[in-house]
Amino acid sequence: MLKGYGMLDIKFIRENIELVKKAVHDKNESSDVDKVIALDKKKREYQFQYDTMRAEQNEVSKKIPELKKTTQDTSEILKEMKQISTKLKTISTELSQISLELENELLNIPNIPYKDVPVGNEAENEFVHDWGKKEQFDFEPADHFELINSNELLDFQRAAKMSGSGFVGYLGKGAQLERALINFMLDFHIKKHNYQEVSLPILVNRTTMTGTGQLPKLEEDMYRVDADDLFLIPTAEVSITNLYAQEILQYDVLPQKFVSNSPCFRREAGSYGKETKGLQRIHQFNKVEMVRFVRPESSYAVLYEMLQDAEEILQALDLHYRVVKLATADLSFASAKTYDLEVWAPGSKKYLEVSSVSNFEDFQARRASIRYRNEKGKVEFVHTLNGSGLATPRTFISLIEKYQNADKTIKVPPALMPYLDNRRIL
RNA sequence: GGAGAGGUGACCGAGUUGGUUGAAGGUGCGCGCCUGCUAAGCGUGUGUGGGGUUUAUAGCCUCACCGAGGGUUCGAAUCCCUCCCUCUCCGCCA
C-alpha cells in the first residue's frame, strides 16, 4: 500500500473545504480541491472494501494448515480462496491507482496563509518597519554596473562563454569581497546566534525536492541531471530541511537551528526581461541560509526571531533596509507567512530583495514526514522555518553602491575588514 | 564498474525447509511493587500509519508496514525479479 502522507492533512481538508479553497484562490494557485475531496471519498470506499475482504482472507488462511493436518480435503476451500484472491488483486490495483491520483492532486494544494497575512497580490504587501536611512553623497553615486567595471570585480562575458547568459564570475577583489561577506555572515550566525553550520549535498533526488515543496510545481525552474534524476538545489533550505526527513525526533532534540552557505541554482524560466541583466537575477549564486526545526507552539515567535537574525546582518553592514510582510499571492507555495528584507541600493536607487524569512508550519514536515514526540509522547509534525541570511549577489550590489567613493574606489565596511586583511579600501 | 556480505521495532539481535511472528530473546524506556539510600529484584507495559464505529486525538474492530517496488501463492519478513542503500575486496579516478 502507499504511504499516503501528504501536504495538508486530508482530514483537515475534508473538514475545511472552504478554507482550503480560499487559500488556493488567495494564493493564486490552480489546485483542484473538489477533485481531492472526490478522490478521497472514493479512496476510502475502496479502502473499506479491500480491508473487509482482506480480513476474510486472513481469517480463512489461518485455518487452512489445520484443515490440512486433519487430512480434510481442502481443494474446495482453496478454490474459493483463489477467487477472493483474484478479486482482491483487482481492488488493490484500483485502490493504489486512486491513492496515487489523490496524492498527486494533494501535492498541488498549497499551504494555507496565516491569519494575519494580507489578502491580495504584491500591491497588498505590508510595510512592517525599516532601519537606517538612505545615505546622502556629496557626489552623484555610481550604480553597481559602473563600479563593477571600474574595479573589475565581475566578469559576465567570460562566464557566459562557459555557461551561457545569466552566469557570473567573481574576479580578484570581487571574489575576495564575496568570500569575506559569506564568511562574515556565517560566523555571525554561528557565534552570535548559535546556529550549527552544515555543508550538505547540493544535488538531491526527487523525493527531497518534493519534501520541501519545490516539486512538483516548480520542476521547470530547476536544473536536473537526467542520468540520475537528481536536481541542483535552488536553495540550501532543501537539503537542510530534509536532514530529518522520515524521522521521529525525541522531544528534547528540538529546537534545532542550522546555517549553511551553498550555491543556489535557478533556471528562472519565464522571467526573461525581468531584471535579467547584471547580478540581480542569475542562474547560480551563493546564499547563506538559516533553517530551524521547532515545536509547533513556538514557530511564530521563532519566525520573528529569524527575521531579526537576518536583519542584524544588514545592521552590522550598516545598510538601510525595510521589512515587508508578503500578501497571499506573493507567498510561496509552501509558506504560511513570509517577511521579505529589502536592502537599499543607493546607486541604483531602489530596494532589492535580499532575504525571505518564512514559516512553513507543518507543511514541509508533512511532505517530508518530519515528526517528533511531544511532551506527552505523542507523535506530531514539527514546524520548519527558513530564512536567507543573506543572498550574496544583491547584498553585494548594495554594499558596493553604499561604500563607494567619488573616485569609484570602494571602502571596506568595518564589519568585513577582519576578513579582508584589515584593508580600508577594497 | 566487477565480486561477495548484508539491510528486521529506540537499539542489539532471532527468524530465510512459506502458515496463529507486528514479529522470540536481550537492552533501553514507562508504570506498579519490594528493599532504610545506591545497586539489584519482581510484575506489567512499551512502534507507525490508514479505514470503520464513536460526542471523542478514549475504547473497540480491522487493514497495512521486516530497505523500496513488482511477482509467485489460498497464504511471504521468509521464494522469484528490478531498484536503492551499507560494508569488504578488486578495478578506475583523485
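Given the structure is predicted, the values throughout are model-derived calculations rather than measurements. Order of the sequence lines fixes the chain letters, A, B, ..., with proteins taken first and strands second; residue numbering starts at 1 for each chain.
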Verify the distance criterion only: is there a donor paired with an acceptor across the side chains of Arg179(A) and Tyr419(A) at less than 3.5 Å? no

Would you mind classifying the nucleic acid contact of Glu80(A) as base, sugar-phosphate or nothing, using non-hydrogen atoms under 4.0 angstrom? nothing

Can you work out whether Ser85(A) or Ala55(A) has the more 5'-proximal nearest nucleotide on RNA chain B? Ala55(A)

Integer-rounded Å distance: G28(B) C1' and Arg373(A) CZ: 13 Å

Check the surroundings of atom NZ in Lys22(A): do more than 12 heavy atoms from other residues, nucleotides or ligands lie under 6.0 Å from it? no

Calculate the interatomic distance between Asp40(A) atom CG and G52(B) atom P; express it in whole Å. 9 Å

Rounded distance (Å) that lies between atom P of U62(B) and atom CD of Gln49(A): 19 Å

Tell me whether Glu219(A) is salt-bridged to Arg224(A), with the criterion being a basic N under 4.0 Å from an acidic carboxylate O. yes

What is the distance, to the nearest angstrom, from the CD1 atom on Ile248(A) to the P atom on G9(B)? 12 Å

With distance as the sole criterion, do the side chain of Asn58(A) and the base of G75(B) form a donor-acceptor contact below 3.5 Å? no

Could Asp116(A) and Lys325(A) be called an ion pair, given the rule that one side-chain N must be under 4.0 Å from one carboxylate O? yes

Looking across every strand, which nucleic acid part, if any, lies under 4.0 Å from Arg14(A) by heavy atom: base, sugar-phosphate, or nothing? sugar-phosphate

Applying the 3.5 Å cut-off to both distances, the Watson-Crick or G-U partner of A94(B) turns out to be none

Electrostatic pair Glu289(A):Lys287(A) at N-O distance under 4.0 angstrom: yes

Taking only side-chain N and O atoms of Gln47(A), does any of them lie within less than 4.0 angstrom of OP1 or OP2 on G52(B)? no

Can you say whether the rings of Phe188(A) and His193(A) are parallel (under 30°), tilted (30 to 60°) or perpendicular (over 60°)? perpendicular

Nearest to the side chain of Val379(A) - G49(B), U73(B), G51(B)? G49(B)

Between the side chains of Gln364(A) and Glu237(A), is a donor N or O closer than 3.5 angstrom to an acceptor N or O? yes

Give me the one residue out of Gln256(A), Glu305(A), His383(A) that meets side chain to side chain donor-acceptor pair (under 3.5 Å) with Arg292(A). Glu305(A)

Determine: side-chain N/O of Arg371(A) to OP1/OP2 of G49(B), distance under 4.0 Å, yes or no. yes

Pair assignment for C65(B), Watson-Crick or G-U wobble, requiring both distances under 3.5 Å: G47(B)

Below the 4.0 Å mark, does G52(B) have OP1 or OP2 next to a side-chain nitrogen or oxygen of Arg44(A)? yes

Using whole Å, what does the distance between atom P of nucleotide G50(B) and atom CD1 of Ile13(A) come to? 13 Å

Could you check whether Lys63(A) gets within reach of a base, just the sugar-phosphate, or nothing at all, counting any heavy atom under 4.0 Å? nothing

Partner nucleotide of C37(B) by Watson-Crick or wobble geometry (both distances under 3.5 Å): none

Using whole Å, report how far CD of Glu76(A) lies from C1' of C74(B). 13 Å

Counting only Watson-Crick pairs (N1-N3 plus N6-O4 or O6-N4) and G-U wobbles (N1-O2, O6-N3), all under 3.5 Å, who is the partner of A56(B)? none

Assigned partner base of C87(B), Watson-Crick or wobble definition, under 3.5 Å: G4(B)

With respect to the phosphate group of A64(B), does any side-chain polar atom (N or O) of Arg54(A) fall under 4.0 Å of OP1 or OP2? yes

N/O-N/O pairs, protein side and nucleotides 18-23 of chain B side, under 3.5 Å:
from   : atom 1 : to       : atom 2 : distance (Å)
G19(B) : O6     : Lys68(A) : NZ     : 3.1
G19(B) : N2     : Ser61(A) : O      : 3.3

Counting heavy atoms from C-beta on, name the nucleotide in U72(B), C74(B), G51(B) closest to the side chain of Lys89(A). U72(B)

Expressed as a whole number of angstroms, how long is the span from Met53(A):CE to C74(B):P? 16 Å

Can a donor-acceptor pair be found between the side chains of Thr208(A) and Asn205(A) at a distance below 3.5 Å? yes

How long is the line joining CG of Leu100(A) and P of A68(B), in whole Å? 17 Å

Complement of G22(B), any strand, by Watson-Crick or G-U distances under 3.5 angstrom: none

